Each structure stands twice: as C-alpha cells, then as structure tokens.
2 protein chains.
Amino acid sequence: MPTDDLSVTFAALADPTRRAILARLADGEATVNELAAPFEMSLQAISKHLKVLERAGLISRSREAQWRPCRLETEPLETATAWIEQYRDLARDRLDRLDQEIRKITQKKEGHDHE
Amino acid sequence: MPTDDLSVTFAALADPTRRAILARLADGEATVNELAAPFEMSLQAISKHLKVLERAGLISRSREAQWRPCRLETEPLETATAWIEQYRDLARDRLDRLDQEIRKITQKKEGHDHE
DNA sequence: TCCATAATCAACTAGAAAGTTAATTAACTA
DNA sequence: TAGTTAATTAACTTTCTAGTTGATTATGGA
C-alpha cells in the first residue's frame, strides 16, 4: 500500500461510505453515532472508516464527555484538487496547441484549394 | 471493492505509479514500453496499472501496428474535482457563516464593554 | 457504586490489489 | 516461414481492505 500523502488521500476518497461521511460533515460537526446512523453497517465499521479519514487528515476529532465529534478538514482536499487540476490543465493546453496546429494546416490547405 | 465511477476514479489515482503515468501522458501519447521505462517494476505490472487507468476512463488506447499508444482522458478528472470542490466549498461557506456569527457576538460584547 | 452510553480495540474472514514469472497473441521484418 | 518486438493473459503469492462479532475503555448519571 502506498503511504505518500496524495495516495492516502485518494484512497480515503475511494469509498462511497467515506465520501458520504465527508458530505455529511460539510454540514457541520457530528458524532460517530450520528455519522453511522444512515448506514446499514456496524458502528465498528464506521469507526474504522473514520480512522481512515483521520489518517488522511480529512477529518479531525475532539472530545466532549464520551462523544468524539468529527469535523471536516479541507487541506487534503486542496492538495488533491491541485494535483488533478495541474495535469488536467497541462493536457488541456497541449490539446489547444494541437488544435491550433491543425487549424493552421487546414487554413493553408483551404487557401491553396481556392487559388 | 466499490464499483461506482467516483470510487473507481479515486482508487485509480491512489497509486504513485499510476499518477506518474498520468503525469507523463499529460505531455502527450506514449506506448506501454515508453510508460514503463522510468519504473523498476515489470512491464506486466505496468500493463495492469494501465488496465486500472483504462477501466477508470482516465486513459484510452488506440492501436498502431504492434504498439498501443495511451492517451490521457480528462473527463473523470473533471468529475473528481467537481466532487471535491463541492464539499470543500460547502465547508468553506459554513465556516464563513460561523465566522460572521462570532464577529457579530464579539462586536456586541465589545460595544457593551465600552458603554 | 452500579449501570447506561459512546466509542474503540482485538481477532478473525472473505475478497481485492499489486506484484512476480511464464506462456500467449499480434504485428512487423528478413 | 522464422524470428523479433510489443503487449497481454494466466497462474500464483503476498499483503491490504472492509466487514463481522465480542470484549474493553471512558465518561456521565442514578
């Protein structure tokens, strides 16, 4: 299993239960039981999912009496989008340049056709 | 293993070798051997990574004689960033509102202090 | 103190992921 | 046709993941 930050972040996002938990947390803090409520699976399974999210830095947990409220942390989300966008943009630029080349060639050809 | 599109995309991105392959492809098409060259692992392993990327729709492959050039496909990258940004923005907005509330309360308190 | 609640830890299982080597397919080349 | 190159498929191993149940820890309340 890769252990670099980006891999850990993407791996954490690669599960619908964990993404649903993050979506819920975008609305505000919640306890483990609250987060577990919508799902069929056991509380222990949710606890494990939270551990994965915490390890990825996507959530943080405090302590209030016997509750451990979770909150969303956006920093790894920034890093993840930054990575994706970098290569999306590079690919886009390259395609734009290709497109321009094709246009140039096509225009030249059309010019010759008309003369 | 979850099989929904987003999970498949994020899982594909959760590996440094695969991300390096995508980074290379942002520069333009490449064959399997070209993509494999920078890595220590076997060609077969790279072939498997490419299969994962293809299944996620992150690359497409054509055929030219005995070569199968790979190209980057950006559509799943868009979907992935869209998901992330949605919840990042929701969380950001919520924090902004919280911040305003705190400011209001602090200003009221300060007002009273000075009267 | 005793009990209930919130959550985690421990041990286990089934299935998936990532790598290996060996064999196979497909296309070009002499 | 025989040989070479590009790439995939097959079989196998090791390690990790995601879930289970049962036991344990930590806190608060009667």
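These values consider heavy atoms only, across backbone and side chains, with no hydrogens, waters or symmetry-generated copies. The structure displayed is predicted, hence computed values, not measured ones. Chain identifiers are assigned alphabetically (A, B, ...) following the order of the sequence lines, protein sequences preceding nucleic acid strands; residue numbering begins at 1 within each chain.
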Using the 3.5 Å cut-off, write out each protein N or O paired with an N or O of nucleotides 24-27 of chain D and the distance between them.
none

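The CH2-C1' distance, from B:Trp67 to C:dA26, rounds to 12 Å in whole Å.
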### Summary
Each base of DNA chain C marked ( ) or [ ] if paired in-strand (Watson-Crick or G-U under 3.5 Å), | if paired to another strand and . if unpaired gives ||||||||||||||||||||||||||||||
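Clustering of Ile, Leu, Val, Met, Phe, Trp and Tyr side chains at separations under 4.5 Å leaves A:Ile102 isolated, with no partner residue.
For residues 68-94 of chain B, the pairs satisfying ring pair (Phe, Tyr, Trp, His ring centres under 6.0 Å) are B:Trp83-B:Tyr87, with sequence neighbours left out. Legend: ring pair (Phe, Tyr, Trp, His ring centres under 6.0 Å) pairs involving residues 23-71 of chain A, not counting sequence neighbours: none detected.
Residues from residues 30-55 of chain B placing a heavy atom under 4.0 Å of any atom in DNA chain C, listed by number, are B:Met41, B:Ser42, B:Gln44, B:Ala45, B:Lys48, B:His49. Of the residues in residues 8-25 of chain B, not one places a heavy atom less than 4.0 Å from an atom of DNA chain D.
A:Asp5 places none of its side-chain heavy atoms less than 4.5 Å from the side chain of A:Thr79. The shortest distance between side-chain heavy atoms of B:Leu13 and A:Ile84 falls below 4.5 Å.
At least one donor-acceptor pair under 3.5 Å links the side chain of B:Thr81 to the backbone N or O of B:Leu77.
Distance check: A:Leu35 CG to A:Leu22 CG gives 9.5 Å after rounding to the nearest 0.5 Å.
Not counting sequence neighbours, the partners of B:Ser7 by the side chain to side chain donor-acceptor pair (under 3.5 Å) test are A:Arg19, B:Asp4. B:Arg97 is linked by a salt bridge (Lys or Arg N to Asp or Glu O under 4.0 Å) to nothing, counting only residues two or more places apart in sequence or in another chain. Qualifying salt bridge (Lys or Arg N to Asp or Glu O under 4.0 Å) partners for B:Arg55, counting only residues two or more places apart in sequence or in other chains: none. Listed by chain and residue number, A:Lys104 satisfy the salt bridge (Lys or Arg N to Asp or Glu O under 4.0 Å) test with A:Glu101 (two or more places apart in sequence, or in another chain). For B:Arg61, the salt bridge (Lys or Arg N to Asp or Glu O under 4.0 Å) test picks out B:Glu54, with sequence neighbours left out.
Crowding of A:Arg71 atom CZ: a count of heavy atoms from other residues, nucleotides or ligands under 6.0 Å not exceeding 12.
Remark: B:Arg61 is not in phosphate contact with D:dA7, judged by side-chain N or O atoms under 4.0 Å from OP1 or OP2.
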